[in-house]
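The structure under discussion appears below in the form of structure tokens.
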Amino acid sequence: MEIIVLGLSHKTAPIELREKLHIPESELPEVLEELGGCGQILERMILSTCNRVEAYAVVDDVEGARRFLVECLAERHKLLPQAFESSLYLLTADQAIRHIFRVASSLDAMVVGESQILGQVKAAYAIAIEQDATGSILNALMDRALRVAKRVRTETGIATSAVSVSTAAIELAKKIFGALTGRTVMLIGAGKMSELSAKHLLADGVGTVIVANRNFDRAVELAERWGGRAVPYDHAKLEMVGADIIISSTGAPHQILSKADFQEIALQRRNRPIFVIDIAVPRDIDPAANEIDNVYLYDLDDLQGVVQANLRERQREADVAEGLIDREVRQFAEWLASLHVVPTIVAMRKKVESIREEELQKIFSKLQDLTPEERHAISLMTSSIVNKILHEPTTELKRQSALKEGHLYVDVLRRLFGIGDE
Amino acid sequence: MELILTYLALLFYLSASLAYMGSLIARPGKLLRAAGILTRVGFVLHTGALAVHLYQQGRPPANLADWLSFYAWATVAVYIVTEVHYESKVIGSFAIPLVVLLLGASAALPKTIETLSPPLKNFGVWTHVILTLLGNAAFALACCGALMFLVQEWLLKSRHPGILFERLPSLKLLDDLCHFSLTLGFPLLTLGLLSGVLLSYSVWGSFLSWDGRQIWSTITWVFYAALLHGRLAGGWRGRKAAILSIIGFCGVVFGFLVANLLIRGTHAF
């Protein structure tokens, strides 16, 4: 009995291949049922996201199960196994456990620490449970994986800082203004990027949107979408006095706002801070504007620098998380190993118990005139002898099972007690 | 007894400082909680020390060491109020080390006892002392907020914010904190000075005796009045206001330490 992971991810397969092998959520129950048809696969679940397609399973024969899984996958997607086999990885035992823990904790993600994956793992697990595709081992493993993921999230800083340009901009805005509720954002130029940033800002509670664009119709269209206000491009400078956050992304070939412009605006704003995001290339705003008090100017490179720094920080936190996962894997593997010895312990007890019963019957048939109380006392005594003798081997076996050579103890014990293979 | 309690309080403040400062670089959750508890325990012990002091001596602070101890105590009191008010414990990473400095200096200074002229042992003196202490404590906190503001502002301007940037509160909160402390401290100081003037009249028959302390207090009062006016009417905020708050506080400390050592008068200890 072995835990295995078979699959491919953004680390081993290009997006074209991942797309081809993706299994939509609606088809998961069907696939799980299909896999149930294989006698080798005892428990199973499928995780299919845009970054990975993986099967988690408890199997009897690893190679047999692998072949069956590959065939299933090939047949379903009408591909030849050769088309994707080289991208597949097969992990077993501790490696499989570690992989599942890392995936759930978002350590194996494309953007380390992103939070989506945990929800996807939960959903995949829920579907597997619904299909009755899991059993005691996979359930224990997935419950543990979800707990580990939660620990990683709360005990390390893996998911704290922003790792995209627009979330980094929002994080900076919050460090300037506190809450963003009721703030005014102004878009100069209405490109895709500024649209995206504005959407994020609105989701964070920004109150008013002002749009200035060379093409006024486009400005009106965007403003209407967000319940904002469109202003003629020539009035942009005037309107900036009322804006707390400015996102500039015009296609102008030269700078459109100088340091002096901002000096004037800062004065008119009576030193209320203003956060200026210049995502245009070439830049719209003179970088020297950042030198003015209460004007905070970030261009695209600055924001990307912040993102890079945050990513490095996440990587450092990820190293902490790996240590935590190491310990969790060891614990789970120990628990798993102790499961192997349980049948042996049960068999050993059964055997000794049957000897005791036999001998009791013999002695009772010889000593006919024993009172029921006396019989009971003798029975109790024998049973306590049995328990005392078996206590030491039982605990020692459990202890050894967690160690590398545990299976040797199981073998020796089985031979010494004459327990056959089941 | 007073000494033991003071040293214990100092020890707690010191550990709290370390925890607060640690929270700026390590994971803050548990450290900040611990720091909050340590600060409060220190405050209780410190209060005990001052209560013993008052019971034994029955008079307001009479030397520089006592003054600093009372000042440190008032600063913690005002800090705890702000911490609860702003639900931000990070301020402690600047405020509590300052308290440690004040109380540490107090513990290191000799406790020479100077006799206070008998007419000064009355209710009026207490009003004067407590009001000016609390007012100055609020200015100490404003200075902490201002320092944090400058650090955070510098990090933002540098465009390379790091872990410290993440831990420190927003500029808005820090500016608000400065403002709150100033608007709290200024009326207290004003009332404190007024009560001092009235006290002087009732005891000596003149409103001002123009000793170094009084002159200096008037200067700081005018300074803070101008700063507050600038904030409210002139839109001074952010960096400029922060720098002025720090200068103001340096003035307060200067008044405490230097003016009293050089100039002797009714306020001399």
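All values derive from a computational prediction rather than experimental measurement. Within every chain, numbering begins at 1; the chains are lettered A, B, ... in the order of the sequence lines, protein sequences first and strands thereafter.
With a threshold of 4.5 angstrom between heavy atoms, A:Ile292 approaches chain B through N, CA, C or O but not through any side-chain atom. Residue A:Leu303: no heavy atom, backbone or side chain, is found under 4.5 Å from chain B. Only the backbone of B:Leu155 has a heavy atom closer than 4.5 Å to any heavy atom of chain A. Using a 4.5 Å cut-off between heavy atoms, B:Leu173 does not touch chain A at all.
Smallest separation of non-hydrogen atoms from A:Leu172 and B:Leu156: CD2-CD2, 3.9 Å.
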Between chain B and chain A: donor-acceptor pairs at under 3.5 Å:
residue	atom	partner	partner atom	Å
B:Arg27	NE	A:Glu155	O	3.4
B:Arg27	NH2	A:Thr154	O	3.3
B:Leu156	O	A:Tyr298	OH	2.6
B:Lys157	O	A:Asn290	ND2	3.2
B:Lys157	NZ	A:Asn290	O	2.4
B:Lys157	NZ	A:Ile292	O	2.5
B:Lys157	NZ	A:Val295	O	2.4
B:Arg159	NE	A:Leu297	O	3.1
B:Arg159	NE	A:Asp302	OD2	3.0
B:Arg159	NH2	A:Leu297	O	3.3
B:Phe165	O	A:Lys175	NZ	3.4
B:Glu166	O	A:Lys175	NZ	2.8
B:Leu168	O	A:Lys175	NZ	2.5
B:Leu171	N	A:Lys175	O	2.7
B:Lys172	N	A:Ile176	O	3.1
B:Ala233	O	A:Arg270	NH1	3.4
B:Ala233	O	A:Arg270	NH2	3.3
B:Gly235	O	A:Asn271	ND2	3.1
B:Arg237	NE	A:Arg270	O	3.4
B:Arg239	NE	A:Asp293	OD1	3.4

